[in-house]
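Reminder, nothing fancy here: chain letters follow the sequence lines and each chain counts from 1.
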Amino acid sequence: MSASFLQAASVDEALAALDAGARPIAGGTDLVVGARQGKAPLPAALVAIDRLDDELGSISDNPDGSLTIGSLVNHLRLMSEPLVVERATALADGAALIGSPATRNVGTIGGNVMNASPAMDTGAALAVLGATVHLRSASGPDRILELDELWTGPGTTTARPDELCVGLSLPARPPRSGSAYLRLEYRRAMEIAVVGAAASISLSADNLVETVSIALTAVAPTILAVEGTAALAGRAVDTNLLDQVAALASEQARPIADLRASERYRRHTVGVMARRALEAAAERAQGIKLGVPVNRNKGIGVSL
Amino acid sequence: MSLTDSTPAAAQRFVRADGPEKVTGSGRYAADLELPGMLHAAFRYADMAPARLAGIDTSKAAAMPGVLAVMTAADVPDLRYSPGIADRKLFATDMVRFEGEILAAVAATTPAIAAAAAAAIEVSYESLPAVTDIETALDPAAPLVHPEWADYQVDEGIVREGNLACFSSIERGDAEAAMHEAHTVVTSRYVADGCHAVPIEPRAVAAQWEGNKVTIWSSTQVPFDARAGVCETLQMPTNRVRIIVPHLGGGFGGKCGFHYEAHVAALARAARRPVKLVFSRAEEFLAPDRRREGMVFELTSALDADGRLQARTGTVLIDCGAYVADAAFFPQLAAMHAVGPYQVPNIKIDASLIYTNHQPSGSVRAPTAPQACWAVESHTDELAAAAGLDPVEFRRLNAVDSRTVGPTGQTYEEIGLQECIDAATNAVSYGDELAEDEAIGVAIGWWPTFVSPAGAFLKMDEDGSVQILTGAQECGTGAVMTLRQLAADELGIDPERIEMIYQDTAAAPFGPGATGSQTLVNNGRAVIAGAKQIADQLRELAADQLEAAADDIVLIDGIAHVAGSPTAAVAIDDLAATAAGGELLLGHGSDPFPEPPEAVGTTCVGDQGLTAWVGPQFSCHAVRIRLDRDTGVVRVLDVGAAHDSGTIINPAGALGQVHGAVMMGIGQALTEGTVYDEHGHQRNADLLEYKLQTIADVPHIHTSFIEPPTNNAGPRGAKGLAEAPNVATAAAISNGLAKLIGTPVRMLPMTAERVWDTIGSAHDQVAAATEGHGK
Ligand SMILES: Cc1cc2nc3c(=O)[nH]c(=O)nc-3n(C[C@H](O)[C@H](O)[C@H](O)COP(=O)(O)OP(=O)(O)OC[C@H]3O[C@@H](n4cnc5c(N)ncnc54)[C@H](O)[C@@H]3O)c2cc1C
């Protein structure tokens, strides 16, 4: 049990508590469950931010076409909010896979991002969508970080203990673009990603690649952005290209072997996920509607 | 999921008496108990295993504030227990054989103090080499798990030697000769990992003494077995030990047997305060001597030119773990399943239960059967392929039917296996075209009906309402709830007028408990017998009042009337009021149970009475699956489950059993398996890494019950049902997969990675073969 617990009534109050050494708790689905599992004891001082919906709980559509997502937005909202489903579909795919209905109703995007697990299901999606993280503190100016500046390893970030994640920004996407996230799972709920991959793509009017971006889940100490995708510009999304992307993903993956999978199997399947994610993203870029989560359309855990 | 179309509407409406409490959360489980002055228990488990115990020092723990009792083997009678082979002690003395072995127990004022004190006990060990592989454990050079095995007390008929805990064989005809003459011979090897029952309620036990009597609340499936265990290990008479089971949060066999009741009772006596033990999820995985056994199968079968089975030989190895628990009958059961419900004239099967340093195996829902059915039915599809027959045709040709002779010489009366094959395959449109990467696998299975003594008391009080006092135990199946229905039918009253007193050894006569699908069969028989006595009394009373013969009185809808003249009637409630002023309405039942049928022409070494079965149950599962070839992930889409479990008395309850068992079977097929390290310690003893199926994974399940007239079984021809539907699902999934891959996945569970590996090696073989042709 934590020695002190403060239910913050405002972001400022939360920031003051952080400044005094408290840790934030949003949904508690990582923090509390982790403590019960013996990963890390609950921090001595906690500040609950879960009632700060007014300040941290909205999704806004900005005039420049970017989206701002408050850190308290939960996964249920992410998977069902039309703005997210249409413009950041990969994020909706990822959110829709998290835990169970109860987990999605309680777990927040801020918690998922700041918990910095390499198996997190929103991370690869946020990475391919070019998300940035907004950090605020009582003592200094706001900081806006790229994701690769934030995550440094399993459970570690460059955020200072006094910094609160207030939200994320997703930049505007070009017109013919789409995104998707898939994960390998052995059952259809309460699962943790064995591996996963997100893809985002934008296409020219004649369906050639303009930009493509791939990121991988659970194959490295952090979410891993696949390198070498710039060279794919100008190509058609055909079997060759998909094979090449699968190969890039498999080659760059640095998976471990554990109870869930061998190194070899992870390396192979992360390529499969990358290929399917790109295929789905390209279909979406062409206006084809694929339901969320796209896992159910692309082989894994098909619906009845 | 819905009830089958054939289910009558009246039967679908069956409200369980314990349902509302459980659904609304007002029901109380053992862990909810709070007794005045209650202490909390914690166990000290082995830190390393196997090891020789060099010393144990409890003084620091005992001196901790808040600790009221610390006990070790020195504080309880020094004796070994366990049904069949007495190889276990309450607390380890000289040796620890598996990681869940208990060295000491603590009672303290809070769970945290108890845990800290258990940790403060100082133990020194000398590490020993671990026996973890059942295929090498019988080598003369292998270390003995029980060096003193020869000194143990064992039941008559048990065949054993060293690490071979128990052996059984089936021998019929001349299998060797038949192999030589056969047209086709196929040999297969299959390996099944162990797995777990995983009841959602981790167990809890609380004990309280009053003078020299103890009351123990326990989440057990078998209160009378638990009582017998306490009486044996603490050397007490049965009438001073009372076991009460509050609501039980599932068991699946995992809570069968005698577990921690004696430890907690002994702690409570030493501390002079009530004590409660509540297991964590990890303890529930690691400590009980009840997990599903790992098995290895080598099977060879011979066919004639028409594809008829001529012979089967095989060896079956069963991982016993460190203690025998209740597994002494496993070898014979496994041997029966290694043949299966087929007509096979020549058989030689050897089945061995082998000690290792793993957690002990014990009865989990249909022990040995799902693994054995998986191996045998996968082998059967290999046989069908070798014979050039469709797998379903092969089974129609070779499976047993009414009035045929089974593999051990039992002649069947009316049985519904062939109808089960029709119903299950029709339910999933077997034979129709399928989408890409889909296939339907089919498997048949069987399972005995277990019979045992059971008793019941019944009383009808002055208002006409009834109490049944039964030794039955409700583990979630609803079977106990069905007992009301049986009594109500005998008495001609509404089942809602009947209450049950159950799960209390002091209140009711003996019952076998929720084990072996026995409740309806055995407790049902007792309740009917007891109810008949009251019904006879009611008929006498009515006959007096209506001036008719007692034999002519009909009891129905709360009325006793003269047969053929419904107006010559008296309310049963009025009869009850009359009786209350004179001879009370009391019934007690314990009818003899059916005799096992004859087995002709078969020799069984290590016979435990399972060569021929009372009321054999049959089943066929046909499963449509889809395979994701790039990842090996399998999704089960449709399950046709057809069962001959005799007469179905409570269709809603029966469907629940099939649905739950199918899900358990899917888990066992695809995701559930224990992973060990080299010391025999479990690596996935938690619900994140041990992957149960979830509600989101449930396929369409189409259930049919085939109900042939059944004589030699339970009430009205019921055979019991809780285990039978757990037998064939994994096997059917395996056969679907083999169709898609071209070869079976020879390891259980057939995890995605194992499936993917199998696809890979199948590819490699095809590639190598084509290459060879090219040269
Ligand atoms: C049953 C179950 C299933 C799960 N399944 C999945 C899954 O499939 N995929 C997946 O990715 N995750 C899964 N999770 C993990 C978890 O639910 C998610 O990571 C969730 O998004 C965490 O959010 P939270 O609000 O509950 O975080 P919390 O537990 O409240 O916090 C997590 C961490 O982030 C910090 N934190 C929280 N909010 C902020 C903030 N605004 N600023 C700075 N730091 C902050 C906390 O201090 C803590 O260190 C599962 C969890 C459970 C219990």
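For chain B, the nearby parts of A:Ser262 are the backbone and the side chain; heavy atoms of each come within less than 4.5 Å. Only the backbone of B:Val636 comes within less than 4.5 Å of a heavy atom of chain A; no side-chain atom from C-beta onward does.
A:His268 places a side-chain N or O within donor-acceptor distance of the main-chain N or O of B:Asp630, the cut-off being under 3.5 Å.
Among the residues in residues 180-194 of chain A, those with a non-hydrogen atom closer than 4.5 angstrom to a non-hydrogen atom of chain B are A:Leu184, A:Glu185, A:Tyr186, A:Arg187, A:Arg188, A:Ala189, A:Met190, A:Glu191, A:Ile192. Among the residues in residues 660-676 of chain B, those with a non-hydrogen atom closer than 4.5 angstrom to a non-hydrogen atom of chain A are B:Thr671, B:Val675. Heavy-atom neighbours of chain B within the stretch residues 272-285 of chain A, taken at a separation under 4.5 angstrom, comprise A:Val272, A:Met273, A:Arg276. Residues of residues 747-758 of chain B having a heavy atom under 4.5 Å from any heavy atom of chain A, listed by number: B:Ala752, B:Glu753, B:Trp756, B:Asp757.
Most heavy-atom pairs under 4.5 Å with chain A, from the set B:Val633, B:Thr631, B:Leu688: that is B:Thr631.
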Verdict with supporting geometry, B:Arg635 and A:Leu304, side chain to side chain contact (heavy atoms under 4.5 Å, CB included): CA-CA 9 Å; B:Arg635 171 91 162 107; A:Leu304 296 179; 3.6 Å; yes

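Residues A:Val302 and B:Leu637 are in side-chain contact: their nearest non-hydrogen atoms beyond the backbone lie under 4.5 Å apart.
Atom CD of A:Gln37 is surrounded by more than 12 heavy atoms from other residues, nucleotides or ligands within 6.0 Å.
For the atom pair CG of B:Asp628 and OG1 of A:Thr269, the computed distance is 10.0 Å after rounding to the nearest 0.5 Å. To the nearest 0.5 angstrom, A:Leu259 atom CG is 4.0 Å from B:Arg683 atom CZ.
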